[in-house]
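These notes are about the structure you will find just below.
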Amino acid sequence: MEARRYKVIDIIGAGSLGLLFAGRLSASGAAVRLWTRTLEQARVIAREGITVLDKEGQVALHVSGDKLKVAPLADWQRLNSQTPARWIMFLTKQGAIGEVLGQIQPVAQTERDTGIICLQNGIGHIERIRQAWPKAVVYSAVTTEGAKRQGAATIVHAGAGLTEIGCLEDREEEHHNDFKQCVLNRLLVAGFDVCLSKEIEKGIYRKLLINAVINPLTAVWRVRNGELLSEPVRIHMMRKLYDEGIQVYEAHGIRWESAWWDQIMDVCRSTAENHSSMLADVLAQSMTEVASINGQLVQMAKRAGMSAPTHEVLWQLIEGMRLKEG
């Protein structure tokens, strides 16, 4: 896996969004290194390439395996000692961040030049990444792109969305110009609707609240997103979660907009046939992101000397679903 530094985008995580971004970037001519959790998936992608299907199941794009650079994360240290990463996109789920950080380490002489873009749901991961890579420039991102994996190398692009990226720290203009040239422009060429945001923190908390209202209820009731709007009792529970979240935000001085409630309803309508990621994880008996979403709101409430009881109950219920007998 040869790559020239400053010319390659490293994508860590080959789940639904990882495959979507890697596939579209590669198809547009960008140089991408895709890092998988397992050697088995890396071999499948190298052999079959990446296939992106549209909502009707038709092939939207296919990138052959010989045009992809793919390797398991276990090879990170060896390969990055030869060609250090410049731009890294973290596209793993929240729960995998600790495992990933345990496998990858910055190359000391180049860490200062490394840029990291994080596309996780929830909050709390940015701090962990900054601790592991203290000299790197960390960008936060929120996306409404919808994708569902159908195999090791195939995904359904369930819905196009907007990706907002912003930096929460002051850095030299030179670094931001490099980001625009090496990452932002390549994402635009690949067909993503992406923009730089000067209010990314607001976007993060907006996305957190949307996920905290929709995802846990779909996971508990085992329903698609649109079915949340089918009964008054379900909308009532959504509103309870929303109001609790807003109270927590106000206690912390976090800016919010009254339009967010309508946006939550719109998300349910526009993704009516989708299973939320939390429901998919529950059905697969996998670890969910509830601790990073509703759990974080509960922790924020406690730090403000208040409570978020509905979020806390759902957090405990969904965490309990993972417990296996024996």
Side-chain angles (χ1 to χ4, degrees), residues 11 13-30 32 34 36 41 44-45 48-65 67-68 70 89 91-93 119-121 141-165 186-195 203 206-207 210-211 213-219 221-231 234 238 262-284 286 288-289 293:
I11 293 179
S16 56
L17 284 178
L19 291 173
L20 175 65
F21 276 81
R24 290 181 64 170
L25 282 166
S26 296
S28 69
V32 173
L34 177 61
T36 64
Q41 188 185 15
V44 172
I45 294 171
E48 300 179 3
I50 295 175
T51 301
V52 178
L53 307 175
D54 62 23
K55 288 187 288 188
E56 284 70 43
Q58 301 300 310
V59 175
L61 70 84
H62 175 77
V63 181
S64 61
K67 293 183 179 179
L68 293 165
V70 56
M89 296 183 71
L91 280 154
T92 62
K93 287 192 174 182
L119 285 100
Q120 282 65 46
N121 287 327
V142 291
T143 186
T144 54
E145 292 284 353
K148 180 180 180 181
R149 209 174 84 170
Q150 284 205 334
T154 302
I155 60 134
V156 175
H157 190 193
L162 172 66
T163 300
E164 301 174 75
I165 305 176
R186 291 179 183 178
L187 289 170
L188 290 169
V189 170
F192 289 101
D193 186 1
V194 59
C195 68
R206 171 184 167 274
K207 180 75 179 293
I210 291 173
N211 286 332
V213 171
I214 295 174
N215 290 15
L217 294 179
T218 62
W221 288 326
R222 309 286 177 100
V223 297
R224 299 177 189 272
N225 293 355
E227 293 176 70
L228 290 179
L229 307 183
S230 64
E231 298 290 341
R234 293 177 176 175
M238 292 172 66
D262 291 331
Q263 290 172 17
I264 290 172
M265 304 291 276
D266 288 342
V267 169
C268 287
R269 296 185 189 100
S270 63
T271 62
E273 297 303 312
N274 293 4
H275 285 145
S276 73
S277 58
M278 198 174 292
L279 173 56
D281 287 337
V282 166
L283 293 175
S286 300
T288 73
E289 295 177 307
I293 299 173

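Remember, predicted model here, so these are calculated numbers, not experimental data. Any value given below was found using the heavy atoms of this structure, including those in side chains, with hydrogens, waters and symmetry copies removed.
Proximity of a side-chain donor or acceptor of E48 to a complementary backbone N or O of G65 within less than 3.5 Å is not detected. Remark: the backbone N or O of T143 is paired with a side-chain donor or acceptor of K207 at under 3.5 angstrom. For the pair E164 (side chain) and V142 (backbone), a donor-acceptor distance under 3.5 Å is absent. Remark: side-chain polar atoms of R224 are paired, donor with acceptor, to backbone N or O of E273 under 3.5 angstrom.
Residue L19 holds its CG atom at 8.0 Å from OG1 of T154, rounded to the nearest 0.5 Å. Within the model, atoms CG of D193 and OG1 of T144 stand 8.0 Å from one another, a figure rounded to the nearest 0.5 Å. The OG1 atom of T218 sits 10.0 Å away from the CE atom of M238 when rounded to the nearest 0.5 Å. If you take CE on M89 and CZ on F21, they are separated by 5.0 Å, rounding to the nearest 0.5 Å. Of the inter-residue distances, the one linking K93 atom NZ with N121 atom CG reads 8.5 Å to the nearest 0.5 angstrom. Rounding to the nearest 0.5 angstrom, the gap separating the OG atom in S26 from the CD1 atom in I11 is 7.0 Å.
The minimum heavy-atom distance between E145 and F192, with the atom names listed, is OE2-CD2, 3.6 Å. When all heavy atoms are compared, the tightest approach of V223 to L279 is O-CD2, 3.3 Å. Scanning all heavy atoms of the two residues, the minimum distance from V156 to K55 falls at CG1-CA, 4.3 Å. Of all heavy-atom pairs spanning A141 and I165, the tightest one is CB-CG1, 3.8 Å. A153 approaches V44 most closely through the heavy-atom pair CB-CG1, 4.3 Å. Across all their heavy atoms, Q41 and T36 have their closest contact at OE1-CB, 3.8 Å.
Using a 4.5 Å heavy-atom threshold, the side chains of N211 and E289 count as separate. Between L68 and L34, the closest side-chain pair of non-hydrogen atoms is not below 4.5 Å. With contacts defined as side-chain heavy-atom distances shorter than 4.5 Å, the pair S28/R186 does not qualify. Side-chain atoms of H157 and D54, non-hydrogen and from C-beta on, never get closer than 4.5 Å to each other. At least one side-chain heavy atom of R269 sits less than 4.5 Å from a side-chain heavy atom of D266. Taking 4.5 Å as the limit, every side-chain heavy atom of L17 sits out of range of all side-chain heavy atoms of L119. Counting only heavy atoms from C-beta outward, the side chains of T163 and L187 never approach each other to under 4.5 Å.
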Item to complete: Begin from the C-alpha positions of R222 and V282 and carry the test side chain to side chain contact (heavy atoms under 4.5 Å, CB included) through to its verdict.
Response: CA-CA 9 Å; R222 309 286 177 100; V282 166; 3.7 Å; yes
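The neighbour count for K148 NZ, taken as heavy atoms of other residues, nucleotides or ligands under 6.0 Å away, does not exceed 12.
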